[in-house]
Visitor: 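Quick one: this structure, given as C-alpha cells, is what I'll be asking you about.
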Protein chains: 2
Amino acid sequence: MKISSKGEYALRALIALGRKEEELVQIKDISKETLVSSQYLEQILLHLKSHGYVISKRGVNGGYKLKEAPERIVIGKVIRDLEGPLAPMSCVSITSYEYCPLEDQGCMLKPLWALIRDEVADLLDHTTLQDLLDRNINKKRSDRK
Amino acid sequence: MKISSKGEYALRALIALGRKEEELVQIKDISKETLVSSQYLEQILLHLKSHGYVISKRGVNGGYKLKEAPERIVIGKVIRDLEGPLAPMSCVSITSYEYCPLEDQGCMLKPLWALIRDEVADLLDHTTLQDLLDRNINKKRSDRK
DNA sequence: TAGAAAGTCGACTAACTTAATCAAGTTACT
DNA sequence: AGTAACTTGATTAAGTTAGTCGACTTTCTA
C-alpha cells in the first residue's frame with residue numbers, strides 16, 4: 001500500500017513551487033528544499049510539465065513555476081498521473097479496470113477493496129495543493145458533510 | 001497504492017478455508033476455488049501457517065484448516081503480516097516508522113499520508129474474516145459510530 | 001557573438017520486488 | 001511398502017524503482 005518516491009517527490013516539488021507562487025524556481029533550489037537530487041528532480045519535473053502542472057523557462061535565470069493556481073491542482077490527479085491508479089486492486093479501479101474471473105462467482109474481497117478505493121480516492125480527489133500549503137487536510141470531505 | 005498478489009491470494013485462501021470451517025481442505029481444492037496455482041499457494045499457506053493463521057495435517061487425507069474462528073482473524077493483521085505496513089509512507093507507519101528529515105521543517109505531506117494511513121488501518125483493523133464471509137464490509141466502523 | 005547557465009531528452013543500469021517454479025525432501029495413512 | 005500430501009530451500013524470469021549519464025538545445029549577458 002505504498003506511495004512511490006516518484007509521486008512523493010513530485011508532490012514535494014509542487015509544494016516548493018507553490019510556496020513561491022509566481023517566481024521561476026531553479027531545479028537546484030527545488031532540490032535544496034525537497035532533499036531530492038537535481039538529476040532525479042529533472043526527470044520528475046519533466047513529467048509534471050508533460051502533464052501540464054508546471055511550465056519552464058530555459059537559459060540563464062530560467063526555472064519552473066506552476067501552470068495553474070494551487071487551488072486548481074488536485075492531489076488525486078497528480079498521483080494518478082505520476083504513479084498510476086489509486087485503487088488497491090485493478091478489479092475496483094475506475095480509471096484502469098481489469099476483469100477478474102472471481103467476480104463472476106461473487107468475490108468476497110472485491111467489496112473491501114472497493115471501500116478502500118473509495119476512501120482513498122475521495123480524500124485525494126478533494127484535496128488540492130492549496131490545502132497542503134495551508135496544512136488544511138482534515139475535515140472538508142464529502143462523506144463527513 | 002497496490003495490494004500485492006501475495007496478500008490477495010492469502011486472503012482468498014483464508015476465505016476458502018473459512019467456508020469449510022472445520023474440515024481439512026487440500027491445496028489442490030483451495031487452488032480450484034481461488035484460481036491460484038497449487039505451487040504458489042503452497043508457499044503462501046506456509047506463510048499463513050508460520051504466522052499462526054492456519055494449521056496443517058500431512059499425509060494422506062491431510063490438508064489445511066483455520067487455526068482460529070473467522071471472527072478472530074483480523075484482515076489488517078493478515079495484510080501486515082503477509083505484505084508489510086499499511087501506511088503509504090514509512091514516516092507515518094505505526095508498525096515500522098522511519099525518520100524523514102523533512103519532518104523537522106514541517107513537512108506538508110505527512111498529515112495527508114497520516115490521514116490515509118488512519119483510514120485504511122481503521123477499516124482493515126475493524127474487518128474480520130467473518131465479515132468478509134458475511135459480505136458485511138460496510139458500516140460498523142469506529143469513525144462512523 | 002562567444003560562453004555560460006539552465007532546461008531537454010533518451011538511453012542505460014543496479015538493486016529490489018514480485019510471482020512463480022522446481023527439486024528433493026519428510027510425514028503419515030492404508 | 002507405497003503413495004498422497006505437506007515442507008523447505010533454491011532458483012529464476014520479468015517487472016519496477018530509483019536513479020545516473022551524456023549529449024543537446026535554448027536563452028541570457030558581457
Side-chain angles (χ1 to χ4, degrees), chain A residues 1-13 16-17 23-32 34-67 79 82-85 88-90 96 98 100, chain B residues 1-13 16-17 23-32 34-67 79 82-85 88-90 96 98 100:
Chain A
M1 293 294 296
K2 289 274 174 281
I3 290 284
S4 76
S5 73
K6 193 150 118 189
E8 160 84 16
Y9 294 169
L11 291 176
R12 286 189 195 177
L17 295 176
E23 316 169 38
L24 285 171
V25 186
Q26 293 179 2
I27 288 186
K28 65 168 180 289
D29 294 322
I30 303 175
S31 170
K32 267 179 212 142
T34 57
L35 306 181
V36 180
S37 78
S38 295
Q39 285 169 324
Y40 198 25
L41 263 182
E42 184 179 302
Q43 200 179 99
I44 288 163
L45 285 166
L46 283 177
H47 280 131
L48 284 172
K49 186 183 175 186
S50 75
H51 282 99
Y53 294 105
V54 301
I55 56 182
S56 64
K57 187 171 175 232
R58 289 178 160 201
V60 176
N61 298 320
Y64 285 89
K65 65 174 191 171
L66 295 181
K67 189 170 178 187
I79 294 180
L82 271 284
E83 63 176 58
M89 291 289 295
S90 54
S96 69
E98 276 174 48
C100 163
Chain B
M1 293 295 296
K2 288 273 172 284
I3 291 283
S4 75
S5 72
K6 193 149 117 190
E8 160 86 15
Y9 294 169
L11 291 176
R12 286 188 195 177
L17 294 176
E23 313 170 38
L24 285 172
V25 186
Q26 294 180 1
I27 286 185
K28 65 169 179 289
D29 294 323
I30 303 174
S31 169
K32 266 179 214 143
T34 58
L35 305 182
V36 180
S37 78
S38 295
Q39 285 168 325
Y40 198 27
L41 263 182
E42 192 178 296
Q43 204 180 95
I44 286 163
L45 285 165
L46 283 178
H47 280 131
L48 284 172
K49 186 184 175 184
S50 74
H51 282 99
Y53 294 106
V54 301
I55 57 181
S56 64
K57 186 171 175 230
R58 289 178 160 203
V60 176
N61 297 321
Y64 285 90
K65 67 174 189 174
L66 295 181
K67 190 171 177 187
I79 294 180
L82 271 284
E83 64 176 59
M89 291 289 295
S90 53
S96 69
E98 275 175 49
C100 163

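The sequence lines fix the lettering, A, B, ..., with proteins before strands; numbering per chain opens at 1. Everything quoted here is computed from the prediction, not taken from an experiment. When reading the values below, keep in mind they use all heavy atoms of this one structure, side chains included, and skip hydrogens, waters and symmetry mates.
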Visitor: To the nearest 0.5 Å, tell me how far A:K57 NZ sits from A:Q26 CD.
Guide: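 Result: 10.5 Å between the selected atoms.
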Visitor: For B:I79 and B:L11, what are the C-alpha separation, side-chain angles and deciding distance, and is it a side chain to side chain contact (heavy atoms under 4.5 Å, CB included)?
Guide: CA-CA 8 Å; B:I79 294 180; B:L11 291 176; 4.2 Å; yes
Visitor: So what does B:K2 hit on the nucleic acid, given a heavy-atom distance under 4.0 Å: a base, only sugar-phosphate, or nothing?
Guide: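 No contact.
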Visitor: Can you measure A:Y64 atom OH to D:dT26 atom C1' for me and round it to whole angstrom units?
Guide: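 Going from OH in A:Y64 over to C1' in D:dT26 covers 13 Å.
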Visitor: Expressed in angstrom and rounded to an integer, what is the separation of A:D29 atom CG from C:dA6 atom C1'?
Guide: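 In whole Å, C:dA6 C1' lies 12 Å from A:D29 CG.
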Visitor: Let me know the distance between NZ of B:K65 and P of D:dA5, rounded to the nearest Å.
Guide: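 The answer, rounded to whole Å, is 18 Å.
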Visitor: Kindly compute the distance separating OG (A:S31) from CD (A:Q39), expressed to the nearest 0.5 Å.
Guide: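 Reported to 0.5 Å precision, the distance equals 10.0 Å.
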Visitor: Would you give the length of the straight line joining atom NZ of A:K67 to atom OH of A:Y53, rounded to the nearest 0.5 angstrom?
Guide: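 Rounded to the nearest 0.5 Å, the NZ-OH separation comes out at 11.0 Å.
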Visitor: Using atom CG of A:L35 as one end and atom P of D:dA18 as the other, report the distance to the nearest whole Å.
Guide: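 In whole Å, D:dA18 P and A:L35 CG are 16 Å from each other.
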Visitor: Let me test you: for the helix from C:dT1-D:dA30 to C:dT30-D:dA1, what is the angle between the axes at its two ends (five pairs each), rounded to 10 degrees?
Guide: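 The end-segment axes of the helix from C:dT1-D:dA30 to C:dT30-D:dA1 are tilted 10° relative to each other.
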Visitor: Taking B:E83 for its side chain and B:S4 for its backbone only, find out whether a donor-acceptor pair lies under 3.5 Å.
Guide: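 Yes, the answer is positive, given that a donor and an acceptor are paired below the 3.5 Å cut-off.
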Visitor: How long is the line joining NZ of A:K28 and C1' of C:dA6, in whole Å?
Guide: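 Rounded to the whole Å, the gap is 8 Å.
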Visitor: Would you mind reading off the distance between B:L45 atom CG and D:dT8 atom C1', rounded to a whole angstrom?
Guide: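 So the CG-C1' distance, B:L45 to D:dT8, works out to 14 Å.
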Visitor: Determine, for nucleotides 18-30 of chain C in 5'-to-3' order, which nucleotides have protein heavy atoms under 4.0 Å from the base (write B), from only the sugar-phosphate (write S), or from neither (write -).
Guide: -BBB-B--BBSBS
Visitor: Can you see which heavy atom on B:A10 is nearest to which on B:L82, and at what distance?
Guide: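 Scanning both residues completely, I find the closest heavy atoms to be CB-CG, 3.9 Å.
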Visitor: Mind checking the NZ-CG spacing from A:K65 to A:L17? Nearest 0.5 Å is all I need.
Guide: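 That separation rounds to 11.0 Å.
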Visitor: Does B:S56 put a side-chain nitrogen or oxygen below 4.0 Å from OP1 or OP2 of D:dT7?
Guide: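 Affirmative; the distance criterion is met.
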Visitor: Rounded to whole angstroms, how far apart are NE2 on A:H47 and P on C:dC9?
Guide: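 A:H47 atom NE2 is separated from C:dC9 atom P by 11 Å.
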Visitor: Testing B:V36, B:L41, B:I44 for side-chain contact (heavy atoms from CB on, under 4.5 Å) with B:I30, which one passes?
Guide: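 The option that passes is B:L41.
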Visitor: Roughly how far apart are A:Y9 OH and A:L35 CG, rounded to 0.5 Å?
Guide: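 So the gap between those two atoms works out to 9.0 Å.
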Visitor: From CD of A:Q26 over to C1' of C:dG7, roughly how many Å is that when rounded to an integer?
Guide: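 Going from CD in A:Q26 over to C1' in C:dG7 covers 10 Å.
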